[in-house]
Structures are given as C-alpha cells and as structure tokens.
Amino acid sequence: MKKYISLFLIISLLWMPSIYAAAIPAQQGLVTDEAGLLSTQEAATVAAIAEGDRYTIRVLTVDSLDGAEPGAYATDVYNSWGLTPQDVLLLISAGDQRVELNFKNPGLQDYINSWSQAQGGALDTAAITGLLDTYFNPYAREGDFAGGIRSMIQKLDSFGGTGGSGGSGGSGSSSPGLGLLKMAGIVIGIALLALVLYVLFTGLRRRGQLRSQQEQLADLLVRANRALESLQPFQGIVQGKTGEMVEEISKRLSAQLVEISALQGSQSSQPPFYRLKALKAASSQLQQTETAFRSSLKEEEQHIAVISDADRNVKQQITELKKEAPELNLQLQSAVKETGYGLQEIADDLKELAEETAKADELELFDPIAAQDMTGEAQEKQAQIEQDLQDVDTYDDKLNDFPGVLAAARSTIAALIEQHSLHNMKVKPYENLDQASVAAATLEAPLRSGDMDEVRKIAARMDTLLGDAIAMTERQALIRQNNLRDLDTIRSRWSELSQRRNELNSRISEARSRFAEIHLTHLEEVMETAGTQLRQGAGEVPQIETWTSDQRGEYDNARNSLDQLLKLQEETAQKFDNVGESLNMLGQRLANVTRLLPEGQERVDTAQRRLQSKGIASRSQFQLSLIPEYGELEQRLSIRPYNLDELEAVAHAYESQISSFVEEANRLVRQKEEEERLAQLAILREQQRREQARKRGSSSGGFDGGRSSGSSSWGGGGRSTGGSSWGGGGGKSGKNSSGGSKW
C-alpha cells in the first residue's frame with residue numbers, strides 16, 4: 001500500500017508543472033500582446049518591422065508563466081503556433097520579469113555565437129542570454145517594452161541570411177560577389193533588350209502615324225479640288241457681291257492646293273525607324289499643318305455652301321413674295337373699307353415692298369448673294385405689314401372701348417376710396433385717368449394714317465396710366481389698413497411694456513436689500529433709458545393717429561413712424577429681457593455661494609470616511625471650522641447687502657481648501673491600495689518561487705538533450721543561468737534554440 005502511495009505522489013509531482021503552466025494563447029498576428037504592455041500605436045509599429053527579408057519576429061507577451069519554465073513554454077508556443085525556421089519567437093512575461101528568445105534555425109544560432117565571441121562571451125544559450133541583456137533588458141528596466149522589442153528586431157535583422165539545416169560557416173555556398181555580378185548582368189541584358197524592343201515598336205508605330213497623316217493630306221487635296229470645281233458654274237457669270245466672293249474663294253483654294261502638294265512632296269521620304277526624335281518632330285509638325293489646312297478648307301466649303309444656297313433658294317423666295325403681294329393689297333383695301341381710315345403709311349410700305357421684290361428679281365441671276373440679302377429685308381417688311389394690318393382692327397376696337405374701360409377704372413377707384421376712407425390721400429389717381437383720356441384722344445390720328453408704331457406706343461401709355469391709377473389707390477388702402485392694425489398693436493404692447501417695467505423696477509428695489517449697489521447701477525441705468533424711450537414713443541402716437549386719419553391722409557408718413565415705434569418696442573422688450581436675466585443671475589450666483597457650505601462639509605465627510613475605511617484617518621484630520629475661509633464666508637453671508645464679487649472670491653478660496661484636502665485624501669487612499677496590491681503580489685511571487693524550487697528539487701532531468709536556455713536579471717536581482725548544453729554538429733538540426741533573461 002505504501003508503494004502505491006509513493007508512486008502516486010511521484011506521478012503527482014511530475015504532473016504538477018502542467019497544472020501550473022500557463023495556457024498557450026491564440027496567435028493574433030505578428031504581435032500577441034496578452035499582457036497589454038504595448039499601446040495600439042506601439043503594437044502597429046512593431047508589427048510593421050517584425051517581418052523582414054531574413055526573419056519574421058513573433059512577439060508574445062503574457063501576464064505570468066504560472067510557474068512554467070520559460071524555455072519549455074516558449075518551445076510549446078513555437079510548436080503550437082506551427083512556426084517555421086524563418087520565424088523567431090520573442091516571449092515576454094510581465095509578472096515574472098522574464099524574456100525568452102526561441103527559434104529553430106542553426107544558422108541564426110551561429111550568427112549569435114559569432115556575435116557573442118566578438119563580445120568576449122560564451123556560446124549557445126549563454127550567447128542568447130547575452131544578446132537579450134544587451135538589446136532588450138535596458139529598455140525593459142525603464143518600462144519601454146516597445147523600444148526593447150524594436151532593438152531586438154533590428155539586431156536580429158542585422159545578422160546574416162536565414163541559414164540552413166547545417167552548422168556555421170559558408171562551406172558549399174556560392175560567392176556573394178559572383179552572384180551579384182550575375183544578377184547585374186541579367187538585369188543589364190533585360191534592360192538592353194527592353195530598350196531595343198521599345199525603339200523598334202515605337203519607331204514602327206510613329207512611321208505608321210506619318211503614313212496615316214500623309215493619307216489624310218491626300219484626302220484634303222481631293223476635297224480642295226472638289227471645292228474648286230464646285231465654283232466653276234459661277235465663274236465668269238456672277239457679278240457684284242457674289243462675284244467678289246467667288247473670286248476670293250477661288251484664289252484661297254488655289255493657294256491651298258499648291259501648299260498641300262508641296263507638303264506632300266517634302267514628306268515623300270521618312271526618317272529611319274530608330275530616329276525616334278526625328279519621327280516625333282515630323283509627325284507633330286505634319287499634324288499641326290494638317291489641322292490648319294482642314295480648318296481653313298472647312299471655312300471655304302461653308303462659304304461655297306452659302307453661295308450655292310443663295311443661288312438655289314433666292315428664286316423661290318422671290319416667287320413667294322410676289323405671290324403674297326396681291327393678298328396683302330386685298331387686306332389693306334378691306335381694312336380701309338371697314339374702318340374708314342386712309343392707312344396711307346401701310347400703303348406706302350406695300351409699294352416699297354413691291355419695288356424691293358422687283359429689284360431682287362433683277363439681281364437673282366447675276367448676283368444671288370445681293371438678291372438674297374434684299375429678299376431677306378423684303379420678307380421682314382412683309383411680316384411687319386401683315387402685323388400692322390392685324391393691329392388696325394385691334395387698336396380700332398381699343399379706341400372705341402376706351403370710354404367704358406375708363407369709366408370702370410374710375411368706378412373701381414371710387415369704391416376703394418369709399419371703402420377705406422381715402423378721400424384725402426396724397427396720391428392723385430384721377431390725374432392718371434385724365435392723362436389716359438388725353439392720350440386716347442391722340443391715338444386716332446396715327447391710327448388713321450397707319451402709323452402703327454406710334455399707335456402701339458400711345459396705347460401702351462394708356463394702359464400704364466390706367467393700371468397705375470388703380471394700383472396706387474390699392475396701395476394706399478393697404479397702407480392705411482396696416483397702419484390701423486399696427487396702431488392697435490402698439491397701444492396694447494405699450495401697456496404690456498409699462499407693466500413689465502414696473503415689475504422690473506420692483507425687483508430692482510427688492511434686490512437693493514440683498515445685493516450691493518455695484519451690481520444694480522447698470523440695471524437701473526438701462527431701466528431709466530428704456531423708460532425715457534417709452535415715454536417719448538408714447539408722445540408720438542397722437543401724431544401718427546392724426547396722419548392715419550382720413551382728414552390728413554398722410555399714410556406714408558404714418559407708416560414710417562409706426563415702423564420706428566415697432567422697432568423701439570422690440571428693442572425695449574429685449575432690454576427688459578436682459579435686465580430680468582441679470583437679476584436671475586445675481587440670485588443664482590448667491591445660491592451657488594450659499595450651497596458651498598453644506599456641499600463642502602459633505603465632500604470632507606466623504607473623504608474622511610474613505611480614509612477611515614483604509615485605516616489612515618488619524619493621520620489626516622481636517623475640520624472646516626478651523627480654516628479662515630470658512631469663518632470669513634459665514635461672516636459675509638450673515639451681512640447684507642452682498643458684494644458678490646468679494647463673496648465669490650472667498651468662496652473660491654474656501655472651495656480650493658476643500659479640494660486640496662479631498663485630493664490629498666484620495667492620494668493617500670490610492671497609495672494604500674497600491675501598497676496592498678504590491679504586498680499581495682509579493683506573497684504570490686514568493687509562493688510561485690517556493691513552488692518552482694520544490695519542483696526543481698524533485699525533477700530529475702529538466703530539458704531534452706538538444707535544447708538550451710539561459711537567463712539573466714534586468715530588475716536588479718542579479719543574473720542567473722541554467723539549462724543543458726548544446727549538442728554537437730548536426731545535433732542542432734530540428735531542435736529549438738532558446739535563451740532567456742530576467743529583468
């Protein structure tokens with residue numbers, strides 16, 4: 001039975017490290033900060049440089065290893081995360097103040113050994129420990145973990161290549177210098193080939209562009225010939241404007257033909273394909289020239305189209321003018337018969353139209369451009385004559401209907417005057433009606449002669465005078481109506497403002513018993529000014545009422561004065577609002593000061609209860625009644641009237657004393673809590689240390705034969721090393737190299 005118990009105890013002791021070992025966290029990218037040692041920005045900065053050409057650094061921070069051996073825990077993490085020989089694990093345990101470097105790369109170990117030997121240090125695990133002591137621990141002791149990690153990454157990146165499965169040295173590897181020369185030769189060859197291909201394809205493409213542009217020049221030459229041929233039917237026949245246009249177009253087209261032909265001859269030979277600059281210059285120059293020729297040719301074709309259109313259409317336009325002339329004469333005779341007017345000016349216009357049409361008909365064969373211009377003017381005159389003949393009936397009816405329209409306007413104005421009592425208004429709408437009557441009397445003469453432009457002008461003035469007469473009367477009615485309404489508003493609001501002024505004056509009188517005169521002087525001045533303005537405004541109301549009455553009819557003057565009084569009332573109401581707010585603010589300021597006494601006592605009592613809960617109340621006694629500001633504040637609050645500025649200054653000093661005590665109490669409480677936390681942490685570490693010592697005493701081996709580890713202290717506890725030694729030769733292949741340090 002004792003044998004079974006002993007066996008159970010031995011198995012339990014062997015199993016306990018796995019119980020206390022920390023769990024392996026899931027990988028979170030290149031930086032897994034479980035201990036929260038890095039800020040978000042620091043973690044991002046580390047991740048940005050962690051993946052290099054030689055090594056990929058994986059950083060893991062944990063709060064504690066929970067008693068696990070750092071090297072073994074780092075190897076478990078390395079294997080659990082499935083890291084490769086290119087990966088290097090940097091493990092940092094904050095609670096244990098331990099750092100471990102773990103990797104499976106013999107080549108990297110060789111570089112670290114070489115660095116250690118150059119520093120006069122040992123090899124293998126001790127070399128890793130020395131590397132950590134040099135590049136990580138100085139930063140960790142200052143709490144700059146991000147700086148230590150960056151320092152380690154930069155140093156690891158400065159070592160050689162990723163190494164291989166073999167040991168140290170460069171046997172079997174090719175010369176770096178020779179490899180660089182080969183690579184440079186390949187790059188140069190590729191660059192030369194690319195250059196040749198670029199010259200070949202670019203040159204051929206630009207020669208193709210030149211050929212295409214030469215073909216376009218040939219097309220322009222054909223177009224110019226066609227344009228010149230289209231002028232042949234007119235040459236030797238047309239005269240006047242048309243003849244001048246044909247001659248000028250022909251000269252310009254002939255000159256363009258010569259220039260295009262000469263340019264084609266100069267472009268017969270192209271530069272060779274490898275002269276890229278010459279090809280580009282030739283193509284650019286040819287493009288500019290071709291564009292200029294094309295634009296000029298397009299303008300000439302448009303000029304030719306104008307001549308062709310005139311030659312083709314002017315005859316038809318003249319025919320239409322001749323066809324419509326009899327119809328216009330019939331309309332004129334009908335208008336004369338119906339109205340009894342002579343309409344001599346319209347008859348004269350018809351005669352001029354017939355003469356212009358005949359002249360255009362004579363020019364049509366030899367000068368179609370001039371004939372077309374004359375035909376256009378004749379068409380415009382024909383349209384005007386048609387409109388004049390239509391307007392004769394319209395304005396004849398308007399003249400006959402004017403007495404009724406005038407009577408209706410007079411009736412409308414009279415109704416407005418009677419409805420709104422506008423008998424003595426200053427504007428004179430009837431004068432407009434009289435002027436409209438005078439204008440109507442002058443309308444018949446030009447209407448009889450057919451001077452329709454003058455008829456339209458007189459009729460427009462008649463309509464304007466009638467419309468203005470009604471509009472000005474309506475405006476006076478609206479102004480008087482608004483004046484009466486605003487007078488009622490001003491009277492009622494004056495009563496409200498007077499009542500409010502009395503209320504505010506009462507509040508100010510009451511405030512004199514509570515507050516010093518310095519706080520009320522400005523408010524009294526504002527109230528005095530507002531009262532004076534109210535009295536002056538009230539004195540203007542009778543005058544406004546007189547202006548608004550029908551006896552005076554000065555509605556515009558009354559409107560201006562009413563607008564000023566409404567603005568004055570608005571400003572006065574705003575001043576009263578400001579005075580009321582100022583009085584409320586005085587009361588609020590006094591209430592804030594008065595409230596400080598009970599609130600201050602409550603804050604002190606709360607702080608003292610916190611001190612008592614931590615057992616430190618006896619070290620910081622504080623009594624409000626003993627501070628000078630407390631007594632001065634109580635004394636000032638007992639004497640009226642209050643000078644709030646002085647009262648608030650004492651209150652501020654009183655509150656500062658309380659705040660200083662509360663902050664000191666909080667600091668003592670935090671200090672006590674920190675001492676308690678550190679004491680608990682020290683107990684926990686001592687328990688962990690004893691447990692580790694017990695486990696090391698009961699352990700027979702520790703690590704497998706191929707793994708090495710080393711450690712040192714960064715916190716001042718001294719350096720300690722331990723672990724198995726490195727195996728020889730190829731024994732390193734496939735095994736994790738690990739070295740640790742303690743800050």
Side-chain angles (χ1 to χ4, degrees), residues 335 338-346 384 387-489 540 542-566:
E338 290 178 0
T339 61
Y341 301 150
L343 303 179
Q344 186 59 44
E345 292 198 16
I346 298 179
Q384 183 62 52
Q387 184 63 49
D388 289 346
L389 288 172
Q390 292 176 7
D391 287 349
V392 168
D393 291 336
T394 301
Y395 286 104
D396 184 46
D397 293 340
K398 189 179 186 69
L399 183 61
N400 294 330
D401 295 340
F402 178 74
V405 174
L406 181 64
R410 192 178 298 275
S411 177
T412 300
I413 293 172
L416 288 170
I417 292 174
E418 189 64 31
Q419 179 183 356
H420 297 281
S421 298
L422 305 175
H423 302 89
N424 294 303
M425 61 181 176
K426 298 306 178 183
V427 298
K428 304 299 181 183
Y430 291 118
E431 292 181 359
N432 281 42
L433 298 183
D434 294 339
Q435 293 175 14
S437 297
V438 173
T442 64
L443 181 64
E444 185 176 356
L447 185 57
R448 285 184 174 279
S449 66
D451 186 0
M452 300 310 297
D453 289 338
E454 183 66 19
V455 168
R456 296 185 189 96
K457 179 180 178 181
I458 295 173
R461 174 169 171 75
M462 289 163 52
D463 293 338
T464 300
L465 288 169
L466 291 174
D468 288 348
I470 296 174
M472 67 175 62
T473 308
E474 290 176 339
R475 180 177 177 275
Q476 289 294 300
L478 180 61
I479 291 176
R480 186 164 192 266
Q481 184 179 357
N482 291 339
N483 289 354
L484 293 173
R485 181 201 62 200
D486 289 342
L487 269 173
D488 292 339
T489 301
E540 297 177 6
Q543 179 63 54
I544 297 174
E545 291 175 341
T546 302
W547 285 338
T548 305
S549 67
D550 187 31
Q551 288 76 15
R552 292 290 295 272
E554 298 184 17
Y555 310 128
D556 290 323
N557 290 338
R559 182 70 261 163
N560 293 334
S561 297
L562 283 170
D563 290 339
Q564 293 177 5
L565 284 184
L566 289 171

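The basis for the numbers below is simple: all heavy atoms, side chains too, and nothing from hydrogens, waters or symmetry mates.
- Side chain of Asn400 to main chain of Asp396: a donor-acceptor pair is present (N/O by atom type, distance under 3.5 Å, no hydrogens or angles).
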Using the rule given for side chain to side chain contact (heavy atoms under 4.5 Å, CB included), can you reason through Val455 versus Asp451, listing the C-alpha separation, both sets of side-chain angles and the distance that settles it, and then say yes or no? CA-CA 6 Å; Val455 168; Asp451 186 0; 5.5 Å; no

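- Under the 4.5 Å side-chain criterion, counting only non-hydrogen atoms from C-beta, Met425 is in contact with Ile417.
- Asn432 CG to Leu466 CG: the interatomic distance, rounded to the nearest 0.5 Å, is 8.5 Å.
- Salt bridge status for Lys426 with Asp556: absent, with no side-chain N to carboxylate O gap under 4.0 Å.
- Lys457 and Asp453 are not joined by a salt bridge, as no carboxylate oxygen comes within less than 4.0 angstrom of a charged side-chain nitrogen.
- Annotation for Arg448 and Gly340: closest pair NH1-O, 3.8 Å, computed over non-hydrogen atoms.
- Remark: Met452 CE to Leu343 CG distance equals 8.0 Å, nearest 0.5 Å.
- When atom types are taken as modelled, the side chain of Ser411 and the backbone of Ala407 share no donor-acceptor pair closer than 3.5 angstrom.
- Of all heavy-atom pairs between Leu447 and Leu399, the closest is CD2-CD2, 4.4 Å.
- We find the CD-CG distance between Gln390 and Asp388 to be 9.5 Å, quoted to the nearest 0.5 Å.
- By the 4.5 Å heavy-atom criterion applied to side chains, Ser421 and Arg480 are counted as neighbours.
- With a 6.0 Å radius and a threshold of 12 heavy atoms from other residues, nucleotides or ligands, Arg559 has its CZ atom above the threshold.
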One pair to check against side chain to side chain donor-acceptor pair (under 3.5 Å): Glu418 and His423. What are the steps and the verdict? CA-CA 7 Å; Glu418 189 64 31; His423 302 89; 3.2 Å; yes

Take Lys398 and Asp463, measure what side chain to side chain contact (heavy atoms under 4.5 Å, CB included) needs, and give me the verdict at the end. CA-CA 11 Å; Lys398 189 179 186 69; Asp463 293 338; 2.9 Å; yes

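- Salt-bridge check for Asp434 with Lys428: failed, with every basic side-chain N at 4.0 Å or more from each acidic carboxylate O.
- Note on Asp468 versus Arg475: no salt bridge recorded, every NZ/NE/NH1/NH2 to OD/OE distance being 4.0 Å or above.
- In this structure, the side chains of Arg456 and Gln387 come closer than 4.5 Å at one or more pairs of heavy atoms.
- For the atom pair OH of Tyr430 and OG1 of Thr473, the computed distance is 7.5 Å after rounding to the nearest 0.5 Å.
- Expressed to the nearest 0.5 Å, how far CD1 of Ile479 lies from CD of Gln481 amounts to 11.5 Å.
- Using a 4.5 Å cut-off on side-chain heavy atoms (C-beta onward), Leu484 and His420 make no contact.
- For the residue pair Tyr395 and Leu443, the shortest heavy atom distance occurs at O-CD2, 4.5 Å.
- Between Val392 and Ile346, some side-chain heavy-atom pair lies under the 4.5 Å cut-off.
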Applying side chain to side chain contact (heavy atoms under 4.5 Å, CB included), run through Tyr555 and Asp550 and close with a yes or a no. CA-CA 9 Å; Tyr555 310 128; Asp550 187 31; 3.7 Å; yes

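- Taking each heavy atom of Ala436 and Phe402 in turn, the nearest pair found is O-CZ, 3.5 Å.
- For the atom pair Ser561 OG and Leu487 CG, the distance stands at 10.0 Å (nearest 0.5 Å).
- Among all heavy-atom pairs drawn from Asn483 and Ala558, the shortest one is ND2-CB, 3.6 Å.
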